[in-house]
Participant: 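Sharing a structure below in structure tokens format, with a few things to ask.
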Amino acid sequence: PVQVTDCVATSPSWSPDGLAIAFNSWGPGATGNRNIWVISRSEVGMPWSDPVQLTDLEECTWPVWASDGESLNCRTVDGGWVRVSRHGEVLSHNNPSPVSVSWYSSPIFSPDGGLYLVGRHEDGSRGVWWLPVEGGEATMVVPFDDPSLVVFPGITIGPENFYLTIADYESDIWVMDLDW
């Protein structure tokens with residue numbers, strides 16, 4: 001193992017090309033707001049760069065890379081998310097009202113041109129939602145009828161598959177096949 005950061009760093013997320021890792025941090029000395037930082041390298045096996053702060057927002061957590069590696073999403077303090085370029089340019093700031101993103105996740109890019117997220121509708125309904133990448137109306141795809149259910153660590157999307165890990169605080173892990 002090689003230590004690549006020397007700060008409080010959580011929720012690491014590898015870029016699809018394996019040349020960058022985005023993570024949550026308060027930065028050196030653990031001061032300021034929690035934002036997304038990135039370390040990178042020019043090719044596999046080469047040394048890692050020093051950490052670089054990618055976002056400078058009130059809060060930006062749970063980084064998730066787009067499949068092309070050119071942008072990523074992070075969850076914001078208002079229950080929405082920010083999409084930023086690999087170099088830190090804010091591409092969009094979305095609050096999927098009336099659906100807010102769960103505190104422990106960020107929307108996941110999918111091959112169907114949308115985003116999947118775990119969230120709560122303003123009417124109180126909880127579940128997994130789908131919406132277009134550029135924003136728009138959210139559609140519930142998996143309802144959570146039991147209040148103890150949580151999706152943690154959450155959603156994984158492959159080229160042709162959607163995986164959902166459902167757990168609750170006092171039980172086992174449950175898996176189900178979905179038509180997608």
Participant: So how far is it from I39 CD1 to W48 CH2, rounded to the nearest 0.5 Å?
Facilitator: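 Here the rounded value is 5.0 Å.
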Participant: Who are the ring-ring contact (aromatic ring centres under 6.0 Å, His included) partners of H93, not counting sequence neighbours?
Facilitator: none
Participant: Applying salt bridge (charged side-chain N to carboxylate O under 4.0 Å, His left out) as the test, list every pair that has at least one member in residues 51-60; sequence neighbours left out.
Facilitator: R34-E59
Participant: Taking side-chain hydrogen bond (donor to acceptor under 3.5 Å, both in side chains) as the definition, give me every residue that meets it alongside S125, ordered by chain and number, with sequence neighbours left out.
Facilitator: D123
Participant: Would you name the heavy atoms of G114 and W130 that are closest together and state the gap between them?
Facilitator: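 Answer, listing the atom of G114 first, then W130: CA-NE1, 3.4 Å.
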Participant: Can you name the residues that form a side-chain hydrogen bond (donor to acceptor under 3.5 Å, both in side chains) with S71, not counting sequence neighbours?
Facilitator: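 Checked S71 against side-chain hydrogen bond (donor to acceptor under 3.5 Å, both in side chains); matches are R83.
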Participant: How far apart are the closest heavy atoms of W26 and V8, and which atoms are they?
Facilitator: CZ3-CG1, 3.6 Å
Participant: Just checking, is any N or O donor in the side chain of T61 or N24 under 3.5 Å from an acceptor N or O on the other one?
Facilitator: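 No, no side-chain donor-acceptor pair sits under 3.5 Å.
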Participant: Which residue pairs pass the salt bridge (charged side-chain N to carboxylate O under 4.0 Å, His left out) test when at least one of the two sits in residues 2-15, sequence neighbours left out?
Facilitator: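 Pairs touching residues 2-15 that pass the test: none.
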Participant: Can you sort out the partners of S67 under side-chain hydrogen bond (donor to acceptor under 3.5 Å, both in side chains), two or more places apart, ordered by chain and number?
Facilitator: none
Participant: Sorted by first residue and then second, give each salt bridge (charged side-chain N to carboxylate O under 4.0 Å, His left out) pair with at least one member in residues 61-73; sequence neighbours left out.
Facilitator: none
Participant: Can you list, by chain and residue number, the hydrophobic cluster partners of V38 when the side-chain cut-off is 4.5 Å?
Facilitator: I36, L54, L57, W65, L72, V82, V84, V90
Participant: Do W81 and V64 make a side-chain contact, defined as non-hydrogen atoms from C-beta onward lying under 4.5 Å apart?
Facilitator: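 They are not in side-chain contact.
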Participant: I'd like a table of donor-acceptor pairs (distance under 3.5 Å, sequence neighbours excluded) in which one partner is a side-chain atom from residues 12-23, with atom names and distances.
Facilitator:
from	atom 1	to	atom 2	distance (Å)
S13	OG	P63	O	3.4
S15	OG	D17	OD1	2.6
S15	OG	L19	N	3.3
S15	OG	A20	N	3.0
S15	OG	A20	O	3.2
D17	OD1	L19	N	2.9
D17	OD1	R86	NH2	3.3
D17	OD2	R86	NH1	3.4
D17	OD2	R86	NH2	3.3

Participant: Mind jotting down which residue pairs meet the salt bridge (charged side-chain N to carboxylate O under 4.0 Å, His left out) criterion with at least one end in residues 38-53? Sequence neighbours excluded, please.
Facilitator: none
Participant: Is a side-chain donor or acceptor of S49 paired with a backbone partner of S40 at a separation under 3.5 angstrom?
Facilitator: yes
